[in-house]
A.B. asks: 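Questions regarding the structure given below will be posed in turn.
Every chain is numbered from 1 and lettered A, B, ... according to where its sequence line falls, protein lines coming before strand lines. Note that these values count all heavy atoms, side chains included, but never hydrogens, waters or copies made by symmetry.
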Protein chains: 2
Amino acid sequence: MCEAEPRSPATRCSTCSLRAVCMPHDLTSSELRQLDSIVHTTRHVRRGEALFRAFSPFQSLYAVRTGSFKTIVMHREGAEQVTGFQIPGEPLGLDGVCSGTHTCEAIALEDSTVCIIPFGQLEMLCHESPRMQRHLYALMSGEIVRESSLMMLLGTMTAEQRLATFLLDLAARFRARGYSAVQFHLKMRREEIGCFLGIKLETVSRMFSRFQREGLVEPNGKQIRIIDPEGLARI
Amino acid sequence: MCEAEPRSPATRCSTCSLRAVCMPHDLTSSELRQLDSIVHTTRHVRRGEALFRAFSPFQSLYAVRTGSFKTIVMHREGAEQVTGFQIPGEPLGLDGVCSGTHTCEAIALEDSTVCIIPFGQLEMLCHESPRMQRHLYALMSGEIVRESSLMMLLGTMTAEQRLATFLLDLAARFRARGYSAVQFHLKMRREEIGCFLGIKLETVSRMFSRFQREGLVEPNGKQIRIIDPEGLARI
DNA sequence: CGAAGACTTGATCAGATTCAATTCGCGTGG
DNA sequence: CCACGCGAATTGAATCTGATCAAGTCTTCG
């Protein structure tokens, strides 16, 4: 066989339902074909396993296809900070471009799959396609902006405001992907939410209880129903 | 005059003493010449004035040439978070690439000058020069990494650890630019330090006093002398 | 069905904030 | 040139938010 092995349609960018989330919307069919030829591998990561670890060499960017991840940075002696949660359509690995080595690690919150985008080949495609180039810039800059607003959260907000902001942000991201923004399932544990928001797991739990008392949210373990988004936003 | 107006040597990348900090170290002389032709303007910003504001259109990246800046993101109703301090050789404006609009604003902490790097022209240069391309990627990714470690600071550290980390980080950056890492002048007020570290100005002041009692730092208003960097790192 | 892990809730404690009172430093104008 | 005045910084006391410790309940999964 001279041709590359045919892939299942599910692993093609050109037919992927997440394309609108993940890639620029105005790619030509020729650019899409090139993209297909780059992104020809997916990888399965089991719940709890690492997609990449800190200090591992950077070779590829990833896009979450199914499932979800957390990214964490480690401090000396095990203190860790969750720097983000990624759901389908969102990028992973942008931290590695800088030094060629990952500084954070990405752990699957459930059995998940990612698309693998070899960075060297992506660079070449970007060199040919101004649209892809722009998109890569935008992805990186977007990550910078996302982290800035997280710093705002960690630097200025109370525990109550942090959890409210977290829930509204998740809801918006689910909505953007066509899922319900009102009811969703948290794949992460209370401890991981706390570690993301800079508070302890007990505090997360107390704030959930408070939201329930105040009729803002109906938490049922990991199943969350948002009753009063305006109320949450007002906090 | 057919030729572009001659610039003073001080405004040329090719002769700039900060080039090693600001640009890739392995540029060819032809690449340097191209760089000179792009970065042909500097701008003065008075103490307290904005280099760019949130929501202003993004057109250029900037590099601090002299002086220093803070970048802040605003929340509804005036709550603000300082997301970074920039000293000579450091980039400004990377947040704007994403949406074409700045999300933070950059305020001069003292009378300062910046080099203006029009982003459209930089893109073109990057297209020609793989080294410049890599450098731009690295700048953006580096900002992502920097912000991650700041999130770690805001999410997991005590006030004492935050200030110690802040001082050591500044010291390292001054050293990298050939300034003393032991003694330096803080251009920002206690309030701004606090706003960066997610603590109140009184707490910053108390921590400075504590460091002085413990013989770690000799603070004299804004003049700082670091006595025991290992001790600071151990906190 | 039982055990381990995850979550909730209460009581107490500690670190940081808030409020307030001085003190210090610096630029301005008499 | 010095005094004045204002913003910045320091320090103390009271308060509060969130952390810690601990007990008990709920879930999940082998």
A.B. asks: Hey, which of B/Phe52, B/Phe55, B/Tyr62, B/Phe119 is the one that makes ring-ring contact (aromatic ring centres under 6.0 Å, His included) with B/His102?
C.D. replies: B/Phe52
A.B. asks: Between P on C/dC24 and CZ on B/Phe208, what's the gap in Å once rounded to a whole number?
C.D. replies: 18 Å
A.B. asks: Has A/Phe174 got more than 12 heavy atoms of other residues, nucleotides or ligands less than 6.0 Å from its CZ?
C.D. replies: yes
A.B. asks: Would you mind telling me which of C/dA16, C/dT18, C/dC7 lies closest to the side-chain atoms of A/Ser205?
C.D. replies: C/dC7
A.B. asks: Please say whether more than 12 non-hydrogen atoms of neighbouring residues, nucleotides or ligands are located less than 6.0 Å from CD in A/Glu110.
C.D. replies: yes
A.B. asks: The side chain of B/Ala159 is closest to which nucleotide in this list: D/dT20, C/dA16, C/dT18?
C.D. replies: C/dA16
A.B. asks: Would you indicate which nucleotide in D/dT11, D/dA8, D/dG18 comes nearest to any side-chain atom of B/Arg189?
C.D. replies: D/dA8
A.B. asks: On DNA chain D, check which nucleotide each of A/Lys200 and B/Glu191 is closest to and give me the residue with the more 5' one.
C.D. replies: B/Glu191
A.B. asks: How close or far is atom P of C/dT17 from atom CG of B/Leu197, stated in whole angstroms?
C.D. replies: 11 Å
A.B. asks: Would you say B/Thr203 places a side-chain N or O within less than 4.0 Å of OP1 or OP2 belonging to C/dT17?
C.D. replies: yes
A.B. asks: Which one, C/dT8, C/dA16, C/dT18, comes nearest to the side chain of B/Thr158?
C.D. replies: C/dA16
A.B. asks: How many Å lie between CG on A/Leu109 and P on C/dA6, as a whole number?
C.D. replies: 13 Å
A.B. asks: Hey, are A/Lys187 and A/Glu192 close enough for a salt bridge, meaning a charged N less than 4.0 Å from a carboxylate O?
C.D. replies: no
A.B. asks: Expressed as a whole number of angstroms, how long is the span from B/Leu154:CG to C/dA16:P?
C.D. replies: 13 Å
A.B. asks: Could you tell me whether the side chain of A/Arg206 has a donor or acceptor atom within less than 3.5 Å of a complementary atom in the base of D/dT20?
C.D. replies: yes
A.B. asks: Within this structure, what is the CE-to-C1' distance between B/Met157 and D/dA19, rounded to whole angstrom?
C.D. replies: 18 Å
A.B. asks: Output the rounded distance in Å from CD1 (B/Ile224) to C1' (D/dA9).
C.D. replies: 12 Å
A.B. asks: Could you tell me the separation between the CG atom of B/Leu186 and the C1' atom of D/dA9, rounded to a whole number of Å?
C.D. replies: 13 Å
A.B. asks: Measuring from the side chain of A/Ser209 (C-beta onward, heavy atoms only), which nucleotide among C/dT9, D/dT10, C/dA16 has the closest atom?
C.D. replies: C/dT9
A.B. asks: Choose from C/dT8, C/dA11, C/dA20 the nucleotide whose nearest atom is closest to any side-chain atom of A/Leu201.
C.D. replies: C/dT8
A.B. asks: Going from CD on A/Gln212 to CE on A/Met207, what distance comes out if it is rounded to the nearest 0.5 angstrom?
C.D. replies: 14.0 Å
A.B. asks: Starting from the 5' end of DNA chain D, give me the residue, A/Glu160 or B/Gln212, whose nearest nucleotide shows up first.
C.D. replies: B/Gln212
A.B. asks: Could you state the atom-to-atom distance from CD of A/Glu202 to P of D/dG24 in whole Å?
C.D. replies: 17 Å
